[in-house]
Amino acid sequence: MLRGMRKGLTSYGDPDFSLFLRRAFIKAMGFSDDALSRPIIGIANTASDFNPCHGNAGALIEAVKRGVMLAGGLPMAFPTISIHEAFSHPTSMYLRNLMALDTEEMIRAQPMDAVVLIGGCDKTIPAQLMGAASADVPAIVLPTGPMLVGHYKGEELGACTDCRRLWGQFRAGTMDAQAIAEVNGRLAPTHGTCMVMGTASTVACMAEAIGMALPGAATTPATHADRVRIAEASGAEAVRLARDGVRPSAIMTPAAFRNAFTVLQAIGGSTNALIHFTAVAGRLGIPVDLELFDRLGREVPVLIDLKPSGAHYMEHFHWAGGVPRLVRELGPALDLACATVAGLTLGEIAARAEEVPGQDVIRSRAAPIATGGGLAVLRGNLAPGGALLKRSAASPHLMRHEGRAIVFTSVEDMVRRIDDPALDVTAEDILVMQGGGPKGAPGMPEAGYIPIPRRLARAGVKDMVRISDARMSGTAFGTIVLHVTPESAVGGPLGLVRTGDRIRLDAEARRLDLLVDEAELAARRAAWTPPAEAPRRGYAALFHGHVLQADGGCDFDFCRR
Ligand code: FES
């Protein structure tokens, strides 16, 4: 097999000339023949002025390079797309597949024997894992790490669970304009990823659990010296992976995915992670069974006491022992023989986990945060392809609820009317939003966290049942049914719901049903027309033409194995 500079030569019809030319150009950077004969370790650089979650990427790259050179390799950093949640129009999910394509093709196009993937903000690690799975070049994930917590008037604050909670208080009139402006500067006090168990933290923990990141890589704060040491170690391990030819497909096996999904349930993680890891699995030809995922949830209690489901933040999880300590607690629920990029099995890593006396962030199985599953998969005539409810962040009194539907036909319609004082809505009603799916919005925005109508919020209503084909931020909370599949924009039953219909949610029975008789539904189906013309050019056309539904991980159909 070709290695180093000989890999993937540019095609000029004369391979020896291609190598001669490549070496001539790279020598312009001052490299010696000795350096160019070493294993080449690519470093995916996702630094961007638009991405504060990756604000430490430069320092991490320097440390990775040091680790690579100490292990006898040649580091080569290269840029890829970087995606930040708040700087991605229309939504970061719309761009995730573009980043996956970029990462895959840059790994394949450039001569690297292994790659270190520096990611962090929500969609970046999923995109990198998708790209690495398809390229199947030895790879190691290096998260940028979580932020430290913020403080306001003696209270600990975390992005972005507290962003939503306090904004809700501002909407309800219990927090004034000056206070919300002050809070705005305290919610994200350092660089790094959101420090609650949102999507970024969830996928980082799953990347560690599936074996693609080093122990501690998910939880070590972005600002700590240990984060830099993990970067150095990741560089050194990448050289070993290159020499041994350990590919992502050898790490991310069906058993490793089961481990990752078990950890997702045990951490009360983000609903988005199910979509992302379904996409990664699809790249390796590994099917994801939603019923198995739901069963894992019933068997595995939520053990991590982190916001938004619990009370603490990522740095507390880290000092309690992090993912290795959680893995030890889960024990037989996991396949501990799975290999990792650390060169150890998952069980060997768990055996070395730190024991922290008195910590209460990682609960024992005998004293969990919640039982019955962090995430529940719902089925029913409203979601024949499945829907997801984050039970651990929902209100117990709404887990079984029947109510009148108040329908919004799009995200824009919801934004326009939700606070209209004339909106006929009560706390017992069910808010339904159509047009928030992968094709409909497009990009399945995190708009499923439909705000409580201002009039009800001001009357003290904290939660209502809300249903959509959109996603929600992993940092959000409430009785919110998401990812209704198939989406309304492709003719799913969600698009047939009308204001006044009755809907029944039964989380224990895992049911979501529209209580309208079949003859009426058939008539509505016959009269249904697609909401908008498909885009014709550029990435929008590619996305609309090929994006799969949530049960396909919202990947492009042509990227699955
Ligand atoms: Fe980047 Fe939350 S905005 S992780």
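Fair warning: this is a prediction, and the values are worked out from it, not measured in the lab. Hydrogens, waters and symmetry mates are skipped; everything else that's a heavy atom, side chains included, is used. In listed order, ligands and their atoms are each counted from 1.
Across Leu166, Ile452, Asp419, a single residue satisfies side chain to side chain contact (heavy atoms under 4.5 Å, CB included) together with Arg171, and that is Asp419.
Using modelled atom types and a 3.5 Å distance limit, the side chains of His276 and Arg96 yield a donor-acceptor pair.
Residue contact check: Cys121 has heavy atoms under 4.0 Å from atoms 1 (Fe), 3 (S), 4 (S) of ligand 1. Listed by number with element, the atoms of ligand 1 under 4.0 Å from a non-hydrogen atom of Ala200 are 4 (S). The distance from ligand 1 to the heavy atoms of Asp122 drops below 4.0 Å at these ligand atoms: 2 (Fe), 4 (S). Within ligand 1, counting atoms from 1 as listed, the ones closer than 4.0 Å to a heavy atom of Thr193 are 4 (S).
Residues Arg165 and Lys462 are not in side-chain contact: their nearest non-hydrogen atoms beyond the backbone lie 4.5 Å or more apart.
Using a 30° and 60° split on the angle between ring planes, Phe543 and Tyr94 fall in the tilted class, from 30° to 60°.
In summary, Cys53 places an N/O/S atom under 2.8 Å from atom 1 (Fe) of ligand 1, meeting the contact criterion.
Counting protein heavy atoms only, atom 2 (Fe) of ligand 1 is closest to Cys194 SG, 2.2 Å.
We find that Glu412 and Arg416 are not joined by a salt bridge, their nearest charged nitrogen and carboxylate oxygen being 4.0 Å or further apart.
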